[in-house]
Amino acid sequence: MGKQVKAFIFDLDGVITDTAEYHYLAWKQLAEDIGISFDRDFNEQLKGVSRMDSLKHILTLNPKLSFSKEELAALATRKNEHYTTLIKDMTPNDILPGIRELIEDIKKHRLQLALGSASKNAKIVLDRLQLLDSFDYIVDAAKVEHGKPHPETFLTGADGLGVSPADCVGIEDAQAGVDAIKAAGMFAIGVGSKEHLAKADYIVETTRELQFVNIMAEVTK
């Protein structure tokens, strides 16, 4: 007999919509402002990671650079300004394939839905995608002390919904996110490469494969 499912907790970037490219361009622009260059391979390490932790990781590319806490905060703010400019034209057409149908099936089966994203712009993005009202709870990334792969984001999501973590299914596209779901004691679904998401309980290559009936079959095995 498999577990009972009461709720789903989604990541945002790479699961609901593909804002990863916008994050990459925004970080790249900021990095170039301070004389650092990085490529898409390096950017993979930033997925699912908080804004400040991402900035600190980028700064390891040039250890000679030194910034005060105030300067680091200003740099993070500048990156966010680049990002919000890039996402201003997002529409429901930017929802990834299969996600709208999955959300509809989750709600149809009277299961709860939360968002567990490291993005502090999550509500803005969901609003532009016209999905804000679909979520019963949205984790406030600004109040999360420990970013992914720490389980705090997903544990906060479960707590916000009033359900046990053991009764939750988490969906992520990043290794740090999958690690966070597993550390929270939830069933972990990974979207993307098996090589990077090997710890997930169930892996699909694209969001189009995230079909409710198949997910429930895997969870309740």
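Just the heavy atoms: all of them, side chains too, but no hydrogens, waters or symmetry mates, feed the values below.
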Co-membership, hydrophobic cluster, residues [X] and [Y], 4.5 Å side-chain:
X    : Y    : answer
M186 : L113 : no
L46  : L59  : yes
I203 : F212 : no
V178 : V204 : no
L161 : L115 : no

[atom2] on [Y] to [atom1] on [X], rounded to 0.5 Å:
X    : Y    : atom1 : atom2 : answer
E195 : S193 : CD    : OG    : 5.0 Å
I36  : L61  : CD1   : CG    : 6.0 Å
L30  : L25  : CG    : CG    : 12.5 Å
R208 : I99  : CZ    : CD1   : 11.0 Å
D140 : T153 : CG    : OG1   : 10.5 Å
I215 : L210 : CD1   : CG    : 5.0 Å

Next on the checklist: Tell me whether the rings of H57 and F42 are parallel (<30°), tilted (30 to 60°) or perpendicular (>60°).
Outcome noted: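 Geometry flag for F42 against H57: parallel rings.
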Distance-minimising heavy-atom pair for [X] and [Y]:
X    : Y    : answer
T156 : Y137 : O-CE2, 3.7 Å
I58  : A31  : CG2-CB, 4.2 Å
M90  : T19  : CE-CG2, 3.7 Å
A180 : K148 : CB-CG, 4.0 Å
A200 : G190 : CB-N, 3.7 Å
A188 : K182 : CB-CD, 3.6 Å

Next on the checklist: Suppose we screen for side chain to side chain donor-acceptor pair (under 3.5 Å). Which residues come up paired with K107, at least two apart in sequence or across chains?
Outcome noted: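 Testing K107 for side chain to side chain donor-acceptor pair (under 3.5 Å), a comparison that skips the adjacent residues, returns D136.
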Item to check | Option passing side chain to side chain contact (heavy atoms under 4.5 Å, CB included) with V169 (candidates L111, V5, D201) | outcome: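 The single option meeting the side chain to side chain contact (heavy atoms under 4.5 Å, CB included) with V169 is V5.
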Next on the checklist: Does anything in residues 62-87 form a salt bridge (Lys or Arg N to Asp or Glu O under 4.0 Å)? List the pairs, not counting sequence neighbours.
Outcome noted: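 Qualifying pairs, neighbours excluded: D33-R78.
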Please examine the side chains of [Y] and [X], heavy atoms only from C-beta on, and report whether any two atoms are closer than 4.5 Å.
X    : Y    : answer
R100 : P92  : yes
D11  : V191 : no
I16  : F135 : yes
W27  : L55  : yes
D18  : D94  : no
F154 : E172 : yes
I9   : V139 : no
T207 : D173 : no

Checklist entry - What do you reckon, is CD of E209 surrounded by more than 12 foreign heavy atoms closer than 6.0 Å? => result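 For E209, atom CD is crowded (more than 12 foreign heavy atoms under 6.0 Å).
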Next on the checklist: The criterion is salt bridge (charged side-chain N to carboxylate O under 4.0 Å, His left out); which residues satisfy it with D105, sequence neighbours excluded?
Outcome noted: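 For D105 the salt bridge (charged side-chain N to carboxylate O under 4.0 Å, His left out) partners, ignoring immediate neighbours, are K108.
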Next on the checklist: List the residues meeting salt bridge (charged side-chain N to carboxylate O under 4.0 Å, His left out) with E44, not counting sequence neighbours, and say none if there are none.
Outcome noted: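 By the salt bridge (charged side-chain N to carboxylate O under 4.0 Å, His left out) rule, E44 matches K47.
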Next on the checklist: Run the side chain to side chain contact (heavy atoms under 4.5 Å, CB included) test on L132 and I138 for me, step by step, so that the C-alpha distance in whole Å, both residues' side-chain angles and the decisive distance to 0.1 Å come before the verdict.
Outcome noted: CA-CA 9 Å; L132 191 57; I138 297 173; 3.6 Å; yes
Item to check | I106/F10 under side chain to side chain contact (heavy atoms under 4.5 Å, CB included): CA gap, chis, key distance, verdict | outcome: CA-CA 12 Å; I106 289 170; F10 285 24; 3.7 Å; yes
Next on the checklist: Determine whether V15 and L96 satisfy the following criterion, side chain to side chain contact (heavy atoms under 4.5 Å, CB included), listing intermediate values before the conclusion.
Outcome noted: CA-CA 7 Å; V15 173; L96 288 171; 5.8 Å; no
Checklist entry - Thinking salt bridges, do E21 and K28 make one under a 4.0 Å N-O criterion? => result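 Here E21 does not pair with K28 in a salt bridge, since their nearest N and O are not under 4.0 Å apart.
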Checklist entry - Which pairs, with at least one residue in residues 109-135 and sequence neighbours excluded, count as a side-chain hydrogen bond (donor to acceptor under 3.5 Å, both in side chains)? => result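 Residue pairs passing side-chain hydrogen bond (donor to acceptor under 3.5 Å, both in side chains), neighbours aside: N80-N121.
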Item to check | ring-ring contact (aromatic ring centres under 6.0 Å, His included) against Y202, all qualifying residues, sequence neighbours excluded | outcome: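 None.
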